[in-house]
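Protein chains get the first letters and strands the later ones, always in sequence-line order, with residue 1 at the start of each.
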Amino acid sequence: MHPLVRYIIQRFLRFLLTIWIGLTIVFIISRAMPFNAADLLVNRILSYGTRLSGEEIEAMRRTIYDLFGLGAPIHIQYFKFLVHYLTGDMGPSLAYFPERVSNIVALALPYTIFLLLMASLITWVIGNLAGVLAALSRREKLSRAIEYIALGAQPIPFAVYALAYLMLYVLVLGLSLPTGGIVQGKPFWYILLDMFNRSLPPLTAIVIWGWMGNFLAMKNLAMKIKNEDFIEFVKLTGAPQNVIFKYVLRNAFVPQYTYLLLSLGMMFTGNALIEYLFSYPGLGMLFYTSIVNADINLMLGIAYMAIVGVATATFVLDLTYPLVDPRIRYPGQR
Amino acid sequence: MSFKDLIKDRVFIVSLSIVVGLALYTVIYPAYFTKVDPTKWYTYPQGIPPCPQFPFGTTLTGQNLADLVPVALRNSLTIGLTTALTSTAIAIAISALATLIRRLSTAVMTFIDVMCTIPPLPILIILIFTWREYIAIPTIGLILSITGWAWPSRALTSILSSLRERMFVFTAYLCGLPLYKIVAKEFMPFLMRYIFVHFINLTLWGIGMETTISLFGAMKMETPTIGTTLYWALRYQAFILGLWWWYLIPTLFLIAFLVSLYTINMKVDEYLMT
């Protein structure tokens, strides 16, 4: 088999594995709750003041238990849960009953993936380019100063920075945040344009902060590569600065790309918080609504879709990995 | 850098004293100087700016910030430290499993990679949100370590597997040194540095995660932490009403602590590298 094909199959299997492990975790936390989501729904429906007889309540309880797949032995529950979630059936939302969780989440997911991919790619490109430049530049003072700023920012929690940026954006600069719901039923380019417009304030917030981690990692790496023999050799051949730049960048590229692939899940945390603070209609915002409404089913659906979203984004970037790493493209030269 | 240089380094001494001082402050102040339980709402007049009677001011929820801040900081630090302790322990165990037992190594490595790509926030929020009535503050740290171990164990595994192939380890092995002695004498001096760095980073991560989860409103909201304090300030519009002391003072305490901790981390790293 061609190594490239084998690589793609391997990555696809890992993609499936990620979703399976994620689903198992979601299943465990859904069954390990100190209360029962189905009972919660029954109580909530009863609290609306509907007048039902005891038998009717019992019948409703049984229907809802069936809906949630409760009452069966645990392995059958697990199997049913897997089948339901994989086919996109995540049960009804408790707060927006009887709206399906899958419908609510499906609207928000594209917004999150758009922001996540944009933010991670932009911060990654800026951070890495700046890192190589700082490592190779002759203006040591400037690159040192940037490094100290980036280092000083590392211990500050992202949540604190995000709040501070929100205050700067709204209170000091007096700019307004775009509001409104999710656009539906419009042509694709219109939705994309809306996503772009909506994502500008949260995106700038993430980019201003996010490049620094990449910058520090890249600078360290480039400093190491700069002293390697092959770069010494290129220098001795009298190559201009931009050729050396290319050599260093190309060699530091692969490990940094691996880091980008693995860090999407981590990036999701900051993304979700920023979405909620800047009222960007993605999964983070939806998650906040579900917490306020104690909507457990919606929360589980969001957790699952976040795992699927990040796994999909990782898989798509994984497919571009052979373009970056020639060791996968050219077989048998390990 | 020798040990003497380290303890003479001015930056190191200042940061160490800030960290120790703040830690002592969060323990001693609530124990001896607080008269009213700071978790109780509406025990003081609302929204008073800093003045001699209330040096840090009071909140719109009627809490005295001078009493609230040390307790909040202590709870946040407890969460961070518990996270770091348990996550580091798990990370060491998993990475040892991945390197020392060769048959398992691919499987464990794949598992670590998968756990790195799974977004931690939703899982942690659901767990803490559903269990928050039944758990204490340190348990939240334990919950955070469910996902916290993945990144450090990835780094530790690569260090361990490169260590395993080094010549001096083989020499020790061929000299007949027992396994525990190889681990203690040959591995540990190298590993200590990384374990320490990861420990501090995990503390920072735990505190950051706590703040994020609190801002979502999924923490034990009546227990003061830095995150919940910020949450209530946000809910009560302190940012728009100009109650700067409510959010700024807790944040400054937190940042002072974290920056000092990070500086210690870098200095000790410099020392352990040599």
Comparing B:Leu204, B:Thr147, B:Leu215, B:Asn201 against chain A, the one with the most heavy-atom pairs below 4.5 Å turns out to be B:Leu215
Heavy-atom pairs under 4.5 Å with chain A, option from B:Ile125, B:Asn265, B:Ile207 with the top count: B:Ile125
Examine whether an atom of B:Leu127 lies under 4.5 Å from a heavy atom of chain A, and if so say whether it belongs to the side chain, the backbone or both; otherwise answer neither. side chain
Minimum heavy-atom separation for B:Tyr262 to A:Leu151, with atom names? CE2-O, 3.4 Å
Contact leader toward chain A among B:Thr203, B:Ile146, B:Thr263, B:Thr110, where contacts are heavy-atom pairs under 4.5 Å: B:Thr110
Could you check, using the six-membered ring where one of them is a Trp, whether A:Trp124 and A:Tyr257 have ring centers closer than 6.0 angstrom? yes
Pick from A:Ile21, A:Ile19, A:Leu171, A:Ile156 with the largest number of heavy-atom pairs that fall under 4.5 Å of chain B: A:Ile21
Between B:Tyr134 and chain A, which part of the residue has a heavy atom less than 4.5 Å away: side chain, backbone, both or neither? side chain
A:Ala294 versus chain B, heavy atoms under 4.5 Å apart: side chain, backbone, both or neither? both
Atom OH of A:Tyr259 with >12 non-hydrogen neighbours under 6.0 angstrom: no
The side-chain contact (heavy atoms from CB on, under 4.5 Å) partner of B:Cys116 among A:Leu262, A:Leu261, A:Thr314 is A:Leu262
Under a 4.5 Å heavy-atom cut-off, does chain B meet the side chain of A:Met167, its backbone, both or neither? side chain
Given heavy-atom pairs under 4.5 angstrom as the criterion, report whether the side chain, backbone, both or neither of A:Tyr288 touches chain B. both
Any cation-pi pair here, B:Arg193 with B:Tyr271, using under 6.0 Å and within 45°? no
Largest heavy-atom contact set with chain A, pairs under 4.5 Å, which of B:Tyr247, B:Phe129, B:Trp151: B:Trp151
Applying a strict 4.5 Å limit to non-hydrogen atoms, the region of A:Ile291 in contact with chain B is both
Using heavy-atom distances under 4.5 Å, tell me whether A:Leu277 contacts chain B through its side chain, its backbone, both, or neither. side chain
Between B:Thr130 and chain A, with a heavy-atom cut-off of 4.5 Å, which part of the residue counts as in contact: side chain, backbone, both or neither? both
Under 4.5 Å from any heavy atom of chain B - which part of A:Ala311: neither
Which bit of B:Ile200 is near chain A, if near means a heavy-atom gap under 4.5 Å: side chain, backbone, both or neither? neither
Counting only non-hydrogen atoms closer than 4.5 Å, does A:Thr289 touch chain B with its backbone (N, CA, C, O), its side chain (CB onward), both, or neither? neither
What do the steps show when you test B:Tyr231 against B:Thr211 for side chain to side chain contact (heavy atoms under 4.5 Å, CB included), and what is the final call? CA-CA 9 Å; B:Tyr231 175 83; B:Thr211 320; over 6 Å; no
Take a 6.0 Å sphere around CZ of B:Arg166 and say whether it holds more than 12 heavy atoms from other residues, nucleotides or ligands. yes
Which region of A:Thr18, side chain (C-beta onward) or backbone (N, CA, C, O), has a non-hydrogen atom less than 4.5 Å from a non-hydrogen atom of chain B, or is it both or neither? both
Using a distance-only test with no angle check, is there a side-chain donor-acceptor pair under 3.5 angstrom linking A:Thr112 and A:Tyr280? no
Determine whether A:Phe158 and A:Thr269 satisfy the following criterion, side chain to side chain contact (heavy atoms under 4.5 Å, CB included), listing intermediate values before the conclusion. CA-CA 10 Å; A:Phe158 183 73; A:Thr269 303; over 6 Å; no
Tell me, with the steps shown, if B:Thr225 and B:Thr228 meet side chain to side chain contact (heavy atoms under 4.5 Å, CB included). CA-CA 5 Å; B:Thr225 64; B:Thr228 52; 3.2 Å; yes
Out of A:Val292, A:Leu163, A:Leu264, A:Leu166, return the one with the most heavy atom pairs under 4.5 angstrom to chain B. A:Leu163
Establish, yes or no, whether a centroid distance under 6.0 Å links the rings of B:Phe253 and B:Phe257. no
